[in-house]
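Below is one structure, written out as structure tokens, with a few remarks after it.
The sequence lines fix the lettering, A, B, ..., with proteins before strands; numbering per chain opens at 1.
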Number of protein chains: 2
Amino acid sequence: MLSRSANTVVPVVTIHANFGAAETSYVGGQQIHGEGEWANRVYEVMRGAVRNYKTLSDGRRQICAFHLPNDIFGWENGPTYRFTAEAIVDTTVRVVRRQNLEYVAATNVQVTHSLLSMTTRNLEHAENQMMLLGRKNSLEKVAAFLLEMDRRLFGTDVLALPMTRRDIADYLGLSVETVSRELSQLRARGILKFTETSQRQIVLKDRQELQALNS
Amino acid sequence: MLSRSANTVVPVVTIHANFGAAETSYVGGQQIHGEGEWANRVYEVMRGAVRNYKTLSDGRRQICAFHLPNDIFGWENGPTYRFTAEAIVDTTVRVVRRQNLEYVAATNVQVTHSLLSMTTRNLEHAENQMMLLGRKNSLEKVAAFLLEMDRRLFGTDVLALPMTRRDIADYLGLSVETVSRELSQLRARGILKFTETSQRQIVLKDRQELQALNS
DNA sequence: CGACTATTTGAGGCGTATCAAGAAGTGTGG
DNA sequence: CCACACTTCTTGATACGCCTCAAATAGTCG
């Protein structure tokens, strides 16, 4: 049972029918689970995209991760979800009850090991994001974002971004306007272009140059 | 074998003599392992403090974590360390060979589960830090740092910070000067004071007010 | 088509970085 | 114990990158 992870190709659990999995669909904008709610379920994205975020009391938002097809999310060690998870676009997920997964993990060292691998990859991503948030400037942030999406939305010439500029901004610790300006700058420099149909469809014309901007 | 974790009181592996542990000491500033080196060893801090950081090619640095007594670090899923780890002050660690730990983890579901718990706690910390780095202002960052250290360096009236202002700055995504200014502001507001002996020894006079600044 | 949201672009302001200098603290050798 | 060199820390002046506010354009959906 292997599954392609967000970042690398490593063995990882897939939520399997054996665990009592069921599919559920959400429309764009719909909440899948809320920060602080009981963490009863674990999810695997089948189609669509999910944003995982925290908010401060005054509404400031930090998106910690985007989940794309084959990503697993909602696995918690503690009793409650540390995030809100929302479908960005129409999304289908496979759901498994947490206790079923825990039941298997308690006895099966391989499943536990897979969960450990998954958590470690999430940690690596978070660590890279800390460097990005703490020490990169706005152009470097946007370049890194594009390269990440290019890697994860593989297999297509055009990056069909599911998320809004606001989502990108809240992922990179920027304002919407700054994201837009840096994208415009990259377009002006010939590093990318938008398709005729949409501003959310981006073609990377010079990945090397993007890579160079990513420090 | 239980050990107090950095953030919460949860069962977690301690590096035990059974794993073939040995103690090693480092002087302040000495490197324990470098980013990219083969991850052959796992460490537990006995005395002292460790900084874990990444650097960009031009020298910008992001400290991802400070490790204090009873913290475990150096556990990697991949082949190499993703960080440089340096002793901040004179530090003693317990060392275990990775393969010994892996050997136990491969068969013992409890040890694997402990590693999973530890990794999950690290992930939670990283997620909170992402919110801090991406969305908090400099005063909120410094307040959050002080509260974190107050929680982790428990049992004393004065916070005897092992790290320099530069370390704090690189942990919070700020400049040294800004850290210093915000500490001065908190002192001027009567929320903290320094001891007569050192600028690194801080007494928190109003934790509630600090908590309020932390959003 | 009309209402609404998302995106871009410009103008100006603010928060934090940078540069600079002095004070405080630390370590070393005499 | 002091003198000296060096590092760390603080504080002030200034610069600049990104945010905020505003308005126009583009895109979406009933």
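Under the 3.5 Å distance criterion, the side-chain polar atoms of B:Thr91 are left unmatched by any main-chain donor or acceptor of B:Ala87. Counting only distance, with no hydrogens or angles, the side chain of A:Glu76 and the backbone of A:Val42 share no donor-acceptor pair below 3.5 Å. Panel note: side chain B:Glu37, backbone B:Gly34; a donor-acceptor pair is recorded below 3.5 Å. Side chain of A:Gln31 to backbone of A:Thr84: no donor-acceptor contact under 3.5 angstrom is found.
With hydrogens and angles left out, the side-chain atoms of A:Glu86 and A:Tyr53 include a donor and acceptor closer than 3.5 Å.
Shown for residues 170-177 of chain A: residues whose heavy atoms fall under 4.0 angstrom of DNA chain D, namely A:Gly173, A:Leu174, A:Ser175, A:Glu177. A heavy-atom distance below 4.0 Å to DNA chain D is reached by these residues of residues 193-204 of chain B, ordered by number: B:Phe194, B:Gln199, B:Arg200. Across residues 55-68 of chain B, not one residue has a non-hydrogen atom less than 4.0 Å from an atom of DNA chain C.
By the salt bridge (Lys or Arg N to Asp or Glu O under 4.0 Å) test, A:Glu177 is found to be paired with no residue, residues two or more places apart in sequence or in another chain being considered. For B:Thr164, the side chain to side chain contact (heavy atoms under 4.5 Å, CB included) test picks out B:Arg166, B:Asp167, B:Arg200, with sequence neighbours left out. Listed by chain and number, the residues in a ring pair (Phe, Tyr, Trp, His ring centres under 6.0 Å) with B:Tyr26 amount to none (sequence neighbours excluded). Under the salt bridge (Lys or Arg N to Asp or Glu O under 4.0 Å) criterion, B:Glu209 pairs with B:Arg189, not counting sequence neighbours. Checked against ring pair (Phe, Tyr, Trp, His ring centres under 6.0 Å), A:Phe83 has no partners two or more places apart in sequence or in another chain. Residues passing the side chain to side chain contact (heavy atoms under 4.5 Å, CB included) test with A:Ala143 are A:Leu210, A:Leu213, sequence neighbours excluded.
Mapping heavy-atom proximity under 4.0 Å, the span of DNA chain D touched by chain A runs 5' to 3' from D:dC18 to D:dG27. In 5' to 3' order, the nucleotides of DNA chain C bounding all contacts with chain A (an atom under 4.0 Å from a heavy atom) are C:dA6 to C:dA11.
Residues B:Arg181 and B:Thr164 both approach DNA chain D. Their nearest nucleotides, taken by heavy-atom distance, put B:Thr164 toward the 5′ side. When each of A:Arg135 and A:Ser184 is assigned the nucleotide of DNA chain C bearing its nearest heavy atom, the one mapping closer to the 5' terminus is A:Ser184.
Nucleic acid contact class of B:Ser138 (heavy atoms, under 4.0 Å, all strands): sugar-phosphate only.
Salt bridge B:Asp170/A:Arg135: present, at least one basic N to carboxylate O contact under 4.0 Å. Remark: B:Arg82 engages A:Glu127 in a salt bridge, criterion side-chain N to carboxylate O under 4.0 Å.
Cation-pi geometry between B:Arg165 and B:Phe194 is satisfied (NZ or CZ under 6.0 Å from the ring centre, within 45° of the ring normal). Judged by the 6.0 Å distance and 45° axis criteria, B:Arg51 is not positioned over the aromatic ring of B:Phe66.
Applying the salt bridge (Lys or Arg N to Asp or Glu O under 4.0 Å) test between B:Asp71 and each of B:Arg152, B:Arg94, B:Arg121 identifies B:Arg152 as the sole match.
Axis angle, first five pairs versus last five pairs of the helix from C:dC1-D:dG30 to C:dG30-D:dC1: 50°, rounded to 10°.
A:Tyr43 and A:His33 have their aromatic ring centers within a separation under 6.0 angstrom.
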**Study point:** Residue pair A:Glu140, B:Arg60: steps toward the salt bridge (Lys or Arg N to Asp or Glu O under 4.0 Å) verdict
**Key:** CA-CA 13 Å; A:Glu140 292 167 336; B:Arg60 280 174 287 177; 2.8 Å; yes
